[in-house]
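In each ligand, atom 1 is the first atom listed, and ligand 1 is the first ligand listed.
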Amino acid sequence: MRGVLGGTPPSFSRRILHKKEHNGMKLTYELRPGIDQVGYVDYNVRDFHSYDTRLGATYNAYLIRDEKVALVDTVKAPFAQQLQRNVASLVELEKVDYLICLHAEMDHSGALPAMVKACPNAVVVCNAKCKEALAGFYDVSNWKFQIVAQGESLSLGKRSLTFVNVPMVHWPESSVAYMPEEKILFANDAFGQHIATSNRFDDECDLPTLLREAKSYYANIVAPYGRQTLKVLETVKTLELDLIAPGHGVMWRSHIKEIIDAYERWASGKYAPKVLIIYDTMWQSTELMAEEIYAGAVERGQEIAKANPDAPRLDVQLMHARKTTLTRIAEEALDAAAVAFGSATLNATLMPQEAAVLAYFQGLKFREKTALAFGSYGWGIGAPEAIQKTLETLKYPAIELSPIKAKQRPDAAALDACRQAGAMLADAAWERYRNDQ
Ligand code: FEO
């Protein structure tokens with residue numbers, strides 16, 4: 001497999017190296033003299049607690065060697081040895097003074113117990129809520145803690161770290177740390193992307209790919225907390241920044257404005273002129289309806305484009321719920337202005353993967369979208385009614401044709417309604433987008 005962002009993934013096998021050398025690979029990346037990335041690039045992860053990590057992931061940890069030595073964050077537990085080796089390649093483990101934990105979730109704290117054991121003189125530095133969360137996961141009875149308050153600074157010698165709590169970006173105890181002397185923000189989950197790449201800085205990678213993966217990450221991980229994210233961005237914008245060092249993916253140094261602007265757009269729920277048709281089908285009846293809705297929306301999009309030649313084109317996407325991952329659906333749904341949900345009726349309700357899509361939408365709390373319920377049935381009521389009900393729970397305003405139902409095969413009248421509904425969704429998406437400008 002080739003690396004998607006340039007470069008080829010390393011051809012080593014961790015298992016073989018362990019057998020041959022018993023000490024495995026060491027690989028660190030210098031950010032500044034005395035500041036190194038010592039985390040782990042995970043090419044093989046494809047399921048990150050249900051997030052489809054199609055491009056792999058990284059767990060970033062940063063070692064700061066000053067008069068004091070601090071490790072900012074750790075990695076997932078299975079990679080604790082690699083982290084330990086990377087740190088030990090730069091400094092004796094006895095000399096580590098601080099193990100800083102910005103977020104207790106196990107992709108960042110999983111290797112902390114091993115590091116506490118390996119670094120006998122280290123104190124765990126975190127906020128009070130984080131200590132509580134760590135105690136819920138690990139036996140911390142022998143750990144030495146130093147609790148830092150909001151805005152408190154920790155001197156490392158020539159450099160220091162100021163801690164800022166960022167509750168719900170991504171968990172209640174989440175925090176970031178700012179190093180004013182180097183203008184570096186250690187951002188943990190914020191500004192992250194799930195990408196495995198041998199290149200560690202934004203300007204070494206393809207920017208559209210990075211922004212797409214950052215968007216996917218935002219949509220799937222951070223989206224429910226848009227209000228809190230906007231608050232954090234207000235603080236971030238007051239900082240002088242030369243480098244954003246997130247807990248996942250590459251570091252931002254040349255495109256800081258682009259990623260902050262993108263976060264503002266995503267967190268404020270700005271609409272794109274986009275219609276999604278997300279459906280599941282048994283014997284292609286619902287699929288015929290979905291295709292007709294798609295055709296109606298595309299046709300209306302062409303008319304809108306003629307009338308507005310300089311505006312962005314309407315984007316219409318047909319998404320089969322069983323052939324598209326929830327991760328990818330969420331990535332597109334984040335800024336979609338209109339969405340049609342369709343399903344065949346199975347066991348008097350909607351099909352399971354369409355139900356999963358709707359459940360995911362409920363959790364992610366995207367800004368409201370103009371919506372349509374549609375689907376087919378054999379006898380009695382079923383999927384279209386169930387979807388229509390969920391639209392009410394989501395508080396998505398449904399167009400007047402919703403729900404569109406077809407008994408067994410859709411007849412000409414049902415297909416005509418679908419075509420009209422597609423045009424109505426296109427109009428609504430265009431209107432929402434234009435009102436946002
Ligand atoms: Fe990357 Fe919320 O953990």
NZ/NE/NH1/NH2 to OD/OE distance under 4.0 Å, Glu213 and Arg54: yes
Check this for me: does any side-chain nitrogen of one of Asp335 and Arg265 sit under 4.0 Å from a carboxylate oxygen of the other? no
So with a 6.0 Å cut-off around CZ of Arg313, is the heavy-atom count from everything else above 12? no
Is a donor from one side chain sitting under 3.5 angstrom from an acceptor on the other, for His170 and Asn188? no
Partner of His248 under side-chain hydrogen bond (donor to acceptor under 3.5 Å, both in side chains), picked from Thr58, Asp107, Asn60, is Asp107
Can you count the protein N/O/S atoms lying under 2.8 Å from atom 1 (Fe) of ligand 1, leaving waters out? 4
What is the ring orientation for Tyr218 with Trp266, classed by angle as parallel under 30°, tilted 30 to 60°, or perpendicular over 60°? tilted
